[in-house]
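The analysis underlying the following values was restricted to heavy atoms, covering all of them including side chains, and did not include hydrogens, waters or symmetry mates. Nothing fancy with the numbering, it's 1 onward along the sequence.
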Amino acid sequence: MNQNEKICSAFRQDIELPAIVTQKADAAFEQILSESHKEKDKMKEEQKNTRKKSQKKKVPVWVKAATAAAAFMLLFLGICSANPVLAAKIPVIGRIFSMLQKTSEYPGDYEGYAQPLEDPVLESDEETTAEDPSLTYTQTVGDVTVTLSEVYCNQESLSISMLVESQEPFADKIMKNVDGRQYLSLAASSLFSFRAQDPYVGDKDLEGTFLDERTFAGIWRIRLDSVLVDDSELEKIVAKAEASGEEVVITDEMIRSHTEKLTLPEEFTVEIHLEKIVGDLAEPEKIDWGVSEEELKGMSDEAFQALYDEKMKEYGMDQYPNRAEHYWFEGPWDFTIPVSVNESGNYAVTVEEVNEQGVGLHTINVTPFEVSVDYADGGMDCIPIVFDAQGNRMENGSGDVSVLPIGDHAVNRMTVCICLFDVWKEDLLSHRDEADFLQYVKEKSLYSKELEVPVS
């Protein structure tokens, strides 16, 4: 529900790509023209006041500069017109975070936080290539090239910027959301060096934009709360029960007893196995049910289910991905990247306060881009509602009600309210645009807490 609300209420401006190439070209030409005028004026003045000491014809400096600039621009334009993807890529690699930072789900100024990924330099007297292709950050499989551009990791999440380039146009094939944003989905597994040999397969969205019809630039964000859990013991219990035909109900107590919280090291590596890159089709194939709408409505549940199963199999829609609903590229692309945790701007506020209903706060974690709320729900279906220093509600990120993008919010002071989800859905939601919304939520909450965060 929160995600639908978020999508419907989002009004974001179109992305502005950095005009670094044209800016540099304009600056260069301005300097050249300026020097040209100075050189011309100087030459005229010298011709007026002195006689030529030599009849040798000299090429003025400004002519040389202008000629060199023209040659450069002809070469540059020739290359870019021959390869539009290259034209888009020139200012992109190492700058994807800054390009997307205004329209990202977790916006903010990433300058100084995101680190460019640079291929290792091989020390050799002879020209060689890496025996392990995963040591480079650009991989080509078939007609598709994937480049990992930058990496940023804090205590809450790991974000990797990525460029996907295809020789065939595919921008018009990918569906746009209500707010015009586009996503690709990554069928990938990531093996973190501090975990046991247990690849992480969650967080699949690559959020970004098309630079041209063949090139997609995006940010892949991996939440670390799920990565920093060793649930191998719990998985063994579940597997053993399923093998015996027993039904297993996973309770909070089982999770606490049979999982282990891992510590995030300052430095680690991630091995990424990118199997497929998938996009939802902008125009999915329509199903021919073979019967009229009236006949469909008149079918029994059993008859419709049988027809539904038959059509899903016929159209291949019982598989993911499938040609009726998706457009995708087959990999695999394999990468190994080093990660250093950037703790700059990371703050934790320990509360450890729970009321008689078992509802309360454990900790609040703040990074330059997100607020994470670790709360106790007393075994009830609750959600946190967070207000910034000005009393404005902060919307949660997609897929997690407890993680909130900071954006333009001031978070040096916050109010956290824990409410029943049904109360939020049936009552509070309809009052969210009212001036006294914060006070109204506090009155309806099971728990509320005002706290200060020592952000700089």
Next item on the list: For side chain to side chain contact (heavy atoms under 4.5 Å, CB included), just list the numbers for Y106 and I219, CA-CA rounded to whole Å, side-chain angles, deciding distance to a tenth of an Å, and then say yes or no.
Entry: CA-CA 10 Å; Y106 292 84; I219 297 175; over 6 Å; no
Check: What's the verdict on side-chain hydrogen bond (donor to acceptor under 3.5 Å, both in side chains) for S372 and E156, showing C-alpha distance, side-chain angles and the deciding distance?
Finding: CA-CA 8 Å; S372 177; E156 295 297 318; 3.2 Å; yes
Next item on the list: Please assess D198 against D231 for the test side chain to side chain contact (heavy atoms under 4.5 Å, CB included), listing each intermediate value before the final yes or no.
Entry: CA-CA 10 Å; D198 180 22; D231 57 359; 4.0 Å; yes
Margin query: With side chain to side chain contact (heavy atoms under 4.5 Å, CB included) as the criterion, how do Y320 and S185 come out once you've worked through the C-alpha distance, each side chain's angles and the decisive distance to 0.1 Å?
Written below: CA-CA 11 Å; Y320 177 87; S185 181; 3.5 Å; yes
Notebook entry, point to check: After noting the C-alpha distance and the side-chain angles of R221 and E370, does the key distance pass the salt bridge (charged side-chain N to carboxylate O under 4.0 Å, His left out) rule?
Noted result: CA-CA 12 Å; R221 182 178 182 274; E370 64 235 310; 2.4 Å; yes
Item checked: Pair Q305-D309, side chain to side chain contact (heavy atoms under 4.5 Å, CB included): steps then yes or no -> CA-CA 6 Å; Q305 187 63 50; D309 293 341; 2.9 Å; yes
Item checked: Worked verdict on Y447 versus Y375 for ring pair (Phe, Tyr, Trp, His ring centres under 6.0 Å) -> CA-CA 10 Å; Y447 171 91; Y375 65 100; over 10 Å; no
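The two atoms that bring L274 and A188 nearest to each other are CD1-CB, 3.8 Å, heavy atoms only. Looking at every heavy atom in both residues, C153 comes nearest to L224 through SG-CD1, 3.9 Å. Contact detail for V151 and P338: the closest heavy-atom pair is CG1-O, 4.3 Å. Residues Q155 and N346 come closest through the heavy atom pair N-OD1, 3.4 Å. Shown here for L429 and K425, the closest heavy-atom pair between the two residues is CB-O, 4.1 Å. Heavy atoms only, all atoms of each residue included: A376 and I418 are closest at O-CG2, 4.4 Å.
Between R393 and V441 there is no side-chain heavy-atom pair separated by less than 4.5 Å. Counting only heavy atoms from C-beta outward, the side chains of K276 and P321 approach each other to under 4.5 Å. The side-chain heavy atoms of W333 and I277, taken from C-beta on, include a pair separated by under 4.5 Å. Inter-residue side-chain proximity for L158 and F192 is flagged as met; some heavy-atom pair is nearer than 4.5 Å. Side-chain contact between M299 and V291 is present, with heavy atoms from C-beta onward closer than 4.5 Å. Side-chain contact between Y183 and D280 is absent, with no heavy-atom pair separated by less than 4.5 Å. With contacts defined as side-chain heavy-atom distances shorter than 4.5 Å, the pair H409/V386 does not qualify. For the pair T350/T363, a side-chain contact is recorded, criterion being any heavy-atom separation below 4.5 Å from C-beta on.
Using modelled atom types, no side-chain atom of S161 and backbone atom of F97 make a donor-acceptor pair closer than 3.5 Å. Between the T147 side chain and the S149 main chain, no donor and acceptor come within less than 3.5 Å of each other. Counting only distance, with no hydrogens or angles, the side chain of S98 and the backbone of R95 share a donor-acceptor pair below 3.5 Å. Within the 3.5 Å criterion, the main-chain N or O of I222 finds no donor-acceptor partner in the side chain of S157. Side chain of Q182 to main chain of F210: no donor-acceptor pair is present (N/O by atom type, distance under 3.5 Å, no hydrogens or angles). Formation of a donor-acceptor pair under 3.5 Å by the W220 side chain with backbone atoms of D203 is found in this model. Here the side chain of S430 pairs no donor or acceptor atom with the backbone of E426 at under 3.5 angstrom. At least one donor-acceptor pair under 3.5 Å links the side chain of E150 to the backbone N or O of I96.
The NZ atom of K173 lies 15.5 Å from the NE2 atom of H326; values are rounded to the nearest 0.5 Å. The CG atom of D212 sits 8.5 Å away from atom CD of E165, with the distance rounded to the nearest 0.5 Å. The line from NZ of K444 to CG of L428 is 7.5 Å long, rounded to the nearest 0.5 Å. Atom CG of N355 and atom NZ of K449 lie 11.5 Å apart (nearest 0.5 Å). Rounding to the nearest 0.5 Å places CD of E353 at 11.5 Å from NE2 of H362. Here T415 contributes atom OG1 and N392 contributes atom CG; the two are 11.0 Å apart, rounded to the nearest 0.5 Å.
Side-chain atoms of Y315 and E325 include no donor-acceptor pair closer than 3.5 Å. Looking at E271 and H273, their side chains never bring a donor and an acceptor atom within 3.5 Å of each other. A donor atom on one side chain and an acceptor atom on the other are found under 3.5 Å apart for N154 and Y152.
Checked against a 6.0 Å centroid threshold, the rings of F369 and Y113 count as neighbours.
Heavy-atom neighbours of Y327 OH from other residues, nucleotides or ligands within 6.0 Å: above the threshold of 12. Applying the 6.0 Å contact sphere to CZ of R413 captures no more than 12 heavy atoms from other residues, nucleotides or ligands. Heavy atoms of other residues, nucleotides or ligands lying less than 6.0 angstrom from NZ of K261 number more than 12. Within a 6.0 Å sphere centred on CD of E111, heavy atoms belonging to other residues, nucleotides or ligands number 12 at most. Residue E443 places its CD atom among more than 12 non-hydrogen atoms of other residues, nucleotides or ligands, all under 6.0 Å distant. Counted within 6.0 Å of CG on D408, heavy atoms from surrounding residues, nucleotides or ligands total 12 or fewer; the atom is thus considered open. The neighbour count for E266 CD, taken as heavy atoms of other residues, nucleotides or ligands under 6.0 Å away, does not exceed 12. The local environment of CD in E293 is sparse, with at most 12 non-hydrogen atoms from other residues, nucleotides or ligands closer than 6.0 Å.
Electrostatic pairing of R432 and E395 does not count as a salt bridge here, judged by no charged N lying under 4.0 Å from a carboxylate O. Salt-bridge check for K311 with E314: passed, with a basic side-chain N closer than 4.0 Å to an acidic carboxylate O.
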